[in-house]
Trainee: 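My questions all concern the structure below.
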2 protein chains.
Amino acid sequence: MQKRDREATRARLLEAARLRFAREGYDATSVRDIARDSGVDATLIFRYFGSKKQLFDLATAADVPAGLLDGPQEELVARMVRTVVEHDWTAYGGEHPLVAMLRSSAHEDARRRIRDEVCATYVDALRDLAEGEDAELRAELLSAWMVGIGILRSVVATPALAGASAADLDPHVAAVATALLGRPMSGAVAPAGER
Amino acid sequence: MQKRDREATRARLLEAARLRFAREGYDATSVRDIARDSGVDATLIFRYFGSKKQLFDLATAADVPAGLLDGPQEELVARMVRTVVEHDWTAYGGEHPLVAMLRSSAHEDARRRIRDEVCATYVDALRDLAEGEDAELRAELLSAWMVGIGILRSVVATPALAGASAADLDPHVAAVATALLGRPMSGAVAPAGER
DNA sequence: TCCGTAAGTCATCGAACGCTGACTTGAGTG
DNA sequence: CACTCAAGTCAGCGTTCGATGACTTACGGA
């Protein structure tokens, strides 16, 4: 094992950048902060990534949990809520990356990336489930709920939601998803064996 | 009418600050930006407001629309959604101030202010409406939905929600509010004459 | 053992940041 | 007209920002 390991250093910088950008947003994060966290010199950021902006783009690139779209349709919303509430996002400061990226939403680039990912990952899948007239709108309203839950949980830290587990939310997930999609939805995710 | 009008200049600075802080967040806004927008010198900001931080606190101070809590209880959620969708927030860059303030959520101060206002204005009122066991959690879940709607509408600009009117949302507001609160809720706000 | 190459450091740049104190301007008063 | 005092300007403080290029260090093949 080398002491000087380009790839390892690059990876450490990327990891530190992910954490900083998620926690504090683009503007409040300096390249010196990231370098200090990684224990290396700040100039390596420019050597390896070109610019702060390019590092940001790389560090906040989408990272959709595998298996979100697998499994029973009636549990899709419950699975999505679980990626917000239970998934291990410690690499992003403990928040869903989309929620974290909202801190940088002053930049149109970041907004567009958020929009693309929200639509591609959540709205598109939900639209197929919604039946009836304005499926798109209802899919977006459900996506809005999950984004809002993520924000109130971690950013705003509202008392009950901050401490709620996915199981606490299950019955309400079922009620809202059923009401919005117009078809019976489950609030819990059944273990693989029971499928 | 004076050309040199302390109060008018102060008001212009405050207005420009409100717009900038809402649109771009605390860090991405410089006092020089605000001064340029107002057509005055940047140093007046320190003369009139003490510091950038104090100006921020003043500019983003809560501004709850009057009459939110008046009117029939079953229309409360519909009224809240209307403050997100229809209220004139042009002074805050066209977004609900809470949504705009999320751009500055890297600062604990701003987070605390958001939490206080969300709880005081929305969660508290909704908790009283919710019946049964976990009223607090359900009130927060409904608040989360409205916050999420505001974000997907203006920040993320998701296709259907960005162009939706309050009337478009009415049926879905009724469905979700009823499902979460466990009591019949109306999606529309009846004109005063019909009460 | 030597030496080329690549990893990592150092000094520093110009611009922009928030903020301060000394200065100039102009409206109102006697 | 002379004077006052507040409104507004200006130059610059010390700091930090993103970024650059010359330099030093150390690994690995010859």
Side-chain angles (χ1 to χ4, degrees), chain A residues 1-61 101 103-110, chain B residues 1-60 101 103-110 113:
Chain A
M1 174 174 175
Q2 300 187 59
K3 281 203 306 193
R4 302 185 149 204
D5 184 335
R6 183 188 173 93
E7 283 315 308
T9 302
R10 221 188 96 104
R12 285 225 310 285
L13 282 168
L14 198 58
E15 191 183 345
R18 213 175 340 249
L19 203 62
R20 281 276 181 177
F21 284 136
R23 267 209 230 276
E24 326 200 353
Y26 182 83
D27 292 306
T29 298
S30 75
V31 294
R32 288 175 173 86
D33 289 336
I34 298 169
R36 198 179 320 115
D37 293 348
S38 311
V40 301
D41 193 90
T43 59
L44 292 181
I45 287 175
F46 303 100
R47 192 182 289 287
Y48 292 156
F49 302 98
S51 69
K52 179 188 182 184
K53 179 67 172 57
Q54 286 174 270
L55 173 57
F56 175 79
D57 289 343
L58 229 67
T60 58
M101 224 187 301
R103 296 225 172 79
S104 307
S105 68
H107 303 270
E108 172 56 29
D109 264 24
Chain B
M1 175 174 176
Q2 301 185 61
K3 281 206 305 193
R4 300 183 153 207
D5 183 336
R6 183 189 173 89
E7 282 314 308
T9 301
R10 220 187 97 104
R12 286 225 309 286
L13 282 169
L14 197 58
E15 191 183 344
R18 211 170 349 242
L19 203 63
R20 281 276 182 179
F21 284 136
R23 267 210 231 277
E24 325 199 352
Y26 182 83
D27 291 307
T29 298
S30 76
V31 295
R32 289 176 173 84
D33 288 336
I34 297 169
R36 200 180 318 114
D37 292 350
S38 311
V40 302
D41 194 272
T43 60
L44 293 180
I45 287 175
F46 304 100
R47 192 180 290 286
Y48 292 157
F49 302 99
S51 69
K52 179 188 182 184
K53 180 67 172 56
Q54 285 175 271
L55 173 57
F56 176 79
D57 289 343
L58 227 66
T60 58
M101 223 186 302
R103 295 225 173 79
S104 306
S105 67
H107 303 269
E108 173 55 30
D109 263 24
R113 300 242 321 270

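Nothing here was measured: the structure is a model prediction, and the numbers come from that model. Letters A, B, ... are given to chains in the order of the sequence lines, protein chains preceding strands, and every chain is numbered from 1.
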Trainee: Whole Å only: how far is the CD1 atom of Ile45(A) from the C1' atom of dC10(C)?
Mentor: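 Between C1' of dC10(C) and CD1 of Ile45(A): 16 Å.
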Trainee: Taking only distance into account, with no hydrogens and no angle test, what donor-acceptor pairs under 3.5 Å do side-chain atoms of residues 15-23 of chain B form with protein atoms, sequence neighbours excluded?
Mentor:
| from | atom 1 | to | atom 2 | distance (Å) |
| --- | --- | --- | --- | --- |
| Arg20(B) | NE | Asp37(B) | OD2 | 2.7 |
| Arg20(B) | NH1 | Glu24(B) | OE2 | 3.2 |
| Arg20(B) | NH2 | Asp37(B) | OD1 | 3.2 |
| Arg20(B) | NH2 | Asp37(B) | OD2 | 3.4 |

Trainee: Looking at Leu13(A) and Ala35(A), what are the two nearest heavy atoms and their distance?
Mentor: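 Where Leu13(A) meets Ala35(A) most closely, the heavy atoms are CD2-CA, 4.2 Å.
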Trainee: Less than 4.0 angstrom between a side-chain N/O of Thr9(A) and OP1 or OP2 of dG8(C), yes or no?
Mentor: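 Checking Thr9(A) against dG8(C): at least one side-chain N or O falls below 4.0 Å of OP1 or OP2.
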Trainee: Determine, step by step, whether Asp57(B) and Lys53(B) satisfy the salt bridge (Lys or Arg N to Asp or Glu O under 4.0 Å) criterion, reporting the C-alpha distance in whole Å, the side-chain angles of both residues, the deciding distance to 0.1 Å, and the verdict.
Mentor: CA-CA 6 Å; Asp57(B) 289 343; Lys53(B) 180 67 172 56; 3.1 Å; yes
Trainee: Provide, to the nearest angstrom, the distance between the CZ atom belonging to Arg6(A) and the P atom belonging to dA7(C).
Mentor: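 Distance, rounded to whole Å: 5 Å.
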Trainee: Where do Arg12(B) and Ser38(B) come nearest, in terms of heavy atoms and distance?
Mentor: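 The pair with the smallest heavy-atom distance is NH2-O, 2.7 Å.
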Trainee: Rounded to the Å, how far apart are Leu55(A) CG and dA19(D) P?
Mentor: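 Answer to the nearest Å: 10 Å.
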Trainee: Please check the phosphate of dG8(C) (OP1 and OP2 only) for any side-chain N or O of Tyr48(A) closer than 4.0 Å.
Mentor: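 Affirmative; the distance criterion is met.
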Trainee: For Val31(A), check side chain to side chain contact (heavy atoms under 4.5 Å, CB included) against everything at least two apart and list the hits.
Mentor: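 Testing Val31(A) for side chain to side chain contact (heavy atoms under 4.5 Å, CB included), a comparison that skips the adjacent residues, returns Ile45(A), Phe46(A), Lys52(A).
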Trainee: In chain order, what residues pass the side chain to side chain contact (heavy atoms under 4.5 Å, CB included) check against Arg10(A), with sequence neighbours excluded?
Mentor: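 Here the qualifying residues are Glu7(A), Tyr48(A), Phe49(A), Leu58(A).
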Trainee: Could you work out, with salt bridge (charged side-chain N to carboxylate O under 4.0 Å, His left out) as the rule, every residue matching Arg36(A), not counting sequence neighbours?
Mentor: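 For Arg36(A), the residues satisfying salt bridge (charged side-chain N to carboxylate O under 4.0 Å, His left out) (neighbours in sequence not counted) are Asp33(A).
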Trainee: Measure the distance from CG on Asp5(A) to P on dG28(D) and round it to the nearest whole Å.
Mentor: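 Result: 10 Å.
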Trainee: Whole angstrom is fine here: how far is it from CD1 in Ile34(A) over to P in dC17(D)?
Mentor: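 In whole Å, dC17(D) P and Ile34(A) CD1 are 11 Å from each other.
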Trainee: Considering all heavy atoms of both residues, which atom of Ser105(B) and which atom of Arg103(A) are nearest to each other, and what is their separation?
Mentor: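 Smallest heavy-atom distance, with atoms named: OG-NE, 2.9 Å.
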Trainee: CD of Gln54(A) versus C1' of dA19(D): gap in Å, rounded?
Mentor: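 It is 13 Å, rounded to the nearest whole Å.
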Trainee: For the helix from dT1(C)-dA30(D) to dG30(C)-dC1(D), what angle separates the axis at the start from the axis at the finish, each from five pairs, in steps of 10°?
Mentor: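 Computed from the C1' atoms at both ends, the axes differ by 10°.
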Trainee: Measure from NE2 on His107(A) to P on dG18(D) and round the result to the nearest Å.
Mentor: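 Distance, rounded to whole Å: 11 Å.
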Trainee: Mind calculating the distance between CZ (Phe49(A)) and P (dA7(C)) to the nearest angstrom?
Mentor: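 Rounded to whole Å, this separation is 13 Å.
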Trainee: I'd like to compare against my own output: the B/S/- annotation of nucleotides 17-22 of chain C with a strict under-4.0 Å heavy-atom distance to protein.
Mentor: BBBB-B
Trainee: Looking at every heavy atom in both Ser104(B) and Tyr26(B), which two are closest together, and how far apart are they?
Mentor: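 Smallest interatomic distance, heavy atoms only, reads OG-N, 3.0 Å.
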